[in-house]
Each structure stands twice: as structure tokens, then as C-alpha cells.
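Letters go in sequence order (proteins before strands), and every chain restarts at 1.
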Amino acid sequence: MIRTRFAPSPTGHVHIGNMRAAIYNWLYARHHGGLFLLRMEDTDRERSTPEAVQTVLDAMDWLGLDTDETPVYQSQRREAHLAAAEQLLADGHAYKSDKGGTGRGEAVVFRMPGSDMSFTDGVKGTLTKKAEHLQDFVIVRSDGSPVFHLANVVDDIHMQVTDVIRGDDHVENTFRHLALYQALGAPVPKFAHLPMIVNAQGKPYSKRDGAAFVGDFRANGYLAEALFNYLVLLGWSAGDDREVFTRAELIEAFSLDRVQSSAAQFDWKKFEWMNGEHLRALPRDVHRAQYTQAIPAAQADAEYLDAVITVMEERIKRWDDIPAMAGFFFTDDYAYDEAAVQKRLQKEGALDLLAALESAYAALPDFNAETAEQALRQLAEERGVKPADLIHPVRIAVSGIPQGPSLFHMLAVLGRDRVLTRMQRTRETFC
RNA sequence: GUCCCCAUCGUCUAGAGGCCUAGGACAUCGGGUUUUCAUCCCGAAAACACGGGUUCGAUUCCCGUUGGGGACGCCA
């Protein structure tokens, strides 16, 4: 039975690189019908606050990374770490020393075996290290606290982790960890090291390069499924031409040996495209919920809301677009885009044309997309102007902004009452 | 500095010796649809870092160079 784990140290933020490692662990376990576990490496008491721990839990929950066993908190495993150190001392695999020269007592130092070491990495292949480059290292500080390497290995043994999938930056540590497993007489897990996510300069992707933490994506109205999908693709491909996946498809298709061994750059544009793909695939009631959450007034009329969603669907790329792009549907008190007003309404004769169209619309026996268009074109012809000279002013008049759904569909959705009211208000505002 | 890793279009990638005049996606550019914007459709431009081998034949294998990254804590 395969057992993988995500072992973050809670710092208050969850970096997308770490989250991708978590996703790969999760997918690998799910693909093989194994278990996915969580261990909080919260031994840094300064930063590992309850809130920081909660941030990790929230991020995992948001991305749908469910765990199969109760999370292990490393800070509570101190006795086990120290016991392991005692055993290593007793077995001669470790010794006491004050090699750092702290003067505050002796640390426990692990003795490397003194032979060349190698292991087969799940993504990088066989890695080797000469004995001369493998130095002894501290496993318990002189103040009696266990060091990362010891805690990490002892806990992975405790949790019976069979596959350690983690960031590239742990490659060198792996030789130490390997030696620790052997000295502790524990079965050695498989290791796989993931390349980093970098910025345009090839440096580790950080918050200075854009949203770097899972919480940022959520706060900005992006979809968890889109981030999940995009992060998986950053360093892995199915081998065919598929890019947009459902979660089930990813579980089915994922394999470690198709993971790229070189670093990948986060491409914001492509991520946004992917977000749009996932957004459009969402069922109608999810859209309804997002609209009503963003614009409480949208709740008033379910039928109207559905009509708005239909006409706006292709335009919304993330939930945060809703207020600015669709807000005018739900209030008569929308703001006017200044540049658009200047260009379209404060133009010679524009308001007169608007008044004429208003009368024409008021007189229509039936008001819908077809008749609204017909009436507008007819008026344009009578007045000897281009349809565009009417189309643009009307758009600004009824929505306040120069972009949106195709005009006549938009008018039909708004309905004659709103359209006339708004046209009139606009004329009075700018006359 | 020492050690380790990496190297296909701008970006993410397919490619596991001949199927490659190197495929897809995002971005870009051009055209169409929409008299807006977005979507959508069509098309174009765009890459095997370099040099040696191995081979009948290298993007693919080996070596080197260059470039990039990572690790070298009594941090995690």
C-alpha cells in the first residue's frame, strides 16, 4: 500500500511550489489507490502559530486535498525523535560533540557511513555522491532539540511513508536521510524530487512575481480546480495533447515518471486562460451562487439572473470580474465610464439621437433583440447616420461601460422598462 | 569556491535513433464572427544552446563547453 505525505512547515502562507508538491503526492496516492497523509513540521515555535497551521489546512481544503489519517504534528513527537537519537548513540551511529563551539554543551552528531551513496530518484534517475562529500551532521542541538533531518526521517518511518515526493531543494538532504534510515534499521522509501517553479528570471517564484500563495488565488476569485489543473501541468504532461482536465482525469492519467526534470516558469496568461476554461465548465447554480454573493441584488429575480448569466458567461474570466462587468444589470445607479461618455455621448447630436430612439423604443409593440435592432437601424437610416452612432451611445447610456454583451441581447435582457428609464436618466445627466 | 541537477518555439510541453520539412497549448501577429469588449473559428510567425564523438542515420546515446538552477546551518 502506497503512503505519501505532505509535510509543510506552517509559516502563514502556502507557496504554490509546496502546494504543487502536495498535489503530486495526493495524485500519486489516489492514482495508486494508496493513502495521502499530512504532517505539520511545526517545530519552529516562533512561526508555527495556530493561524499558520490553519492556513495550510484551509489551502488543502480549498484545493480538495483530502487526507486519509489524522495529521501528525511534529512538535508533539519530540520524545520519539530524542529516543531515536539515543538509539543511534547506543548503536554507535552518532556521537556527542561541541563542534559548533557553542560552549553550551554537546550536540548529538550523526556519523555518515563513510561510503559512496546513491539512490534512484523517481524523476531524476540515479543520483550518487562520493563519501568525501558526505559529512557528519548534527541531529540534536546542544539545547536538546531535534534537528529537521532527524525529525523528518523518524516521523516518516513512524507514518510508514513509502514514497517521499518533495521539492528539488531536498536532493542533497536525501543522502543524509538515506543514511539515517539505514542506521535506524528502517525500510527506505522511494524518493522523487520535483523541480522548482521559477519566475521570468529563472529564480524561485516568489510573491514579488505575482500571486505566490494559495490564499492569493482564492482571494482574487480564481478557481481551485483551475489552479490545481495548471499546477499539475507545470512540470507534468499526460503525453497526449490534453491540457484541460477534470480531477478524475488527472487521477487517472497522473504518473511520476512523466514529471519534467527541469524547472518551470509560471505563466500568468496561460493560467488565466485555464481559469476561464474551468469557469465555463461549471454548472449554472455555481454561477448563480457567485453572482448573488458578489451582488446581493441579483437574488431578487431568478429568471432575470439566469438571463444575465447566459449573456455574460463568455465574458467572465474569474469571479472577481462579476461586480465590474455585470453590476449594471442589477442597479440603475451604475457609474459612467468617463472616457466612453466623452467619446460617445458628448458628441454632436448624440443625445438627440438617443431621445429619438427612446421614443421609437417606447412605441414598439413588442420589445426584444430583433425589434430593438430593427428600430435602431431604421432610425439610423432616417437620420442619415451610421448604426454605430446609435449603438455606442445606447450601450453607454444603459450600462455606463463601453464593453459588454452584444448590444441587442443586452437590451432584451434588461427589458424595455429599464432601458427607457436609463436612456432618459442618461439624457438628463449629460444634457 | 566545492558538490549536485538541468537545457526543444517568448512560456508550458510532445518527442524515448529513422514516423520530425520537430506536434500541441498559452501568448503574439493577420483574417472572419460580434458594428463594443470577451468568446469562438481560420491562418501565420516562432525552438532542438554550442562543439566533438557513437551510428548508415541523431532532437533523441556519450563526452566536453557555455548558460541556468539548487545544496553546502546546532533553519525547515
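The side-chain hydrogen bond (donor to acceptor under 3.5 Å, both in side chains) check on Glu358(A) picks up Arg427(A), with sequence neighbours excluded. Taking the salt bridge (Lys or Arg N to Asp or Glu O under 4.0 Å) definition, one finds that Glu370(A) meets it with nothing, sequence neighbours left out.
Rounded to whole Å, the separation between the C1' atoms of C48(B) and A16(B) comes to 15 Å.
For residues 327-342 of chain A, the side-chain hydrogen bond (donor to acceptor under 3.5 Å, both in side chains) pairs, not counting sequence neighbours, are Asp332(A)-Arg422(A), Tyr336(A)-Arg425(A), Tyr336(A)-Thr426(A). Residue pairs that meet the side-chain hydrogen bond (donor to acceptor under 3.5 Å, both in side chains) test with at least one member in residues 309-329 of chain A, sequence neighbours left out, are Arg284(A)-Thr310(A). For residues 117-128 of chain A, every residue pair satisfying the side-chain hydrogen bond (donor to acceptor under 3.5 Å, both in side chains) rule, not counting sequence neighbours, is listed here: Asp121(A)-His193(A), Lys124(A)-Asp168(A). Residues in residues 124-161 of chain A take part in these ring pair (Phe, Tyr, Trp, His ring centres under 6.0 Å) pairs, two or more places apart or across chains: Phe110(A)-Phe137(A), Phe137(A)-His149(A), Phe148(A)-His170(A), Phe148(A)-His177(A), His149(A)-His177(A).
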Give me, pair by pair, the N or O atoms of the protein and of nucleotides 38-41 of chain B that are less than 3.5 Å apart, along with how far apart they are.
| unit_1 | atom_1 | unit_2 | atom_2 | d |
| --- | --- | --- | --- | --- |
| A38(B) | O2' | Glu314(A) | O | 3.1 |
| U39(B) | O2' | Glu314(A) | OE1 | 2.2 |

Close N or O pairs between protein and nucleotides 65-70 of chain B (under 3.5 Å):
| unit_1 | atom_1 | unit_2 | atom_2 | d |
| --- | --- | --- | --- | --- |
| G69(B) | OP1 | Lys203(A) | NZ | 2.4 |
| G70(B) | N2 | Glu172(A) | OE2 | 3.0 |

Show the distances under 3.5 angstrom between N or O atoms of the protein and N or O atoms of nucleotides 46-51 of chain B.
none

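Remark: of the listed residues Trp268(A), Phe266(A), Phe213(A), Phe266(A) is the sole one forming a ring pair (Phe, Tyr, Trp, His ring centres under 6.0 Å) with Tyr205(A). Exactly one of Asp156(A), Asp163(A), Asp155(A) qualifies for a salt bridge (charged side-chain N to carboxylate O under 4.0 Å, His left out) with Arg5(A). That residue is Asp156(A).
Between Ile139(A) and Val109(A), every side-chain heavy-atom pair lies at or beyond the 4.5 Å cut-off.
Side chain of His392(A) to backbone of Arg344(A): no donor-acceptor contact under 3.5 angstrom is found.
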Atom pairs and distances, side-chain donor-acceptor, residues 393-414 of chain A, under 3.5 Å, sequence neighbours left out:
| unit_1 | atom_1 | unit_2 | atom_2 | d |
| --- | --- | --- | --- | --- |
| Arg395(A) | NH1 | Pro405(A) | O | 3.1 |
| Arg395(A) | NH2 | Pro405(A) | O | 2.9 |
| Ser399(A) | OG | Arg395(A) | O | 2.8 |
| Ser399(A) | OG | Ile401(A) | N | 3.3 |
| Ser399(A) | OG | Ile401(A) | O | 3.1 |

Just distance, no hydrogens or angles: give the donor-acceptor pairs under 3.5 Å from side chains in residues 273-283 of chain A, sequence neighbours left out.
| unit_1 | atom_1 | unit_2 | atom_2 | d |
| --- | --- | --- | --- | --- |
| Trp273(A) | NE1 | Glu277(A) | OE2 | 3.4 |
| His278(A) | NE2 | Asn229(A) | OD1 | 2.8 |

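Counting only heavy atoms from C-beta on, Lys270(A) has its side chain closest to A25(B) among U36(B), A25(B), A27(B).
Contacts between residues 225-244 of chain A and RNA chain B, defined by a heavy-atom separation under 4.0 Å, are made by Leu233(A), Leu234(A), Gly235(A), Ser237(A), Gly239(A), Asp241(A), Glu243(A).
In this model, the phosphate group of A14(B) is approached by a side-chain N or O of Gln260(A) to a distance below 4.0 Å at OP1 or OP2.
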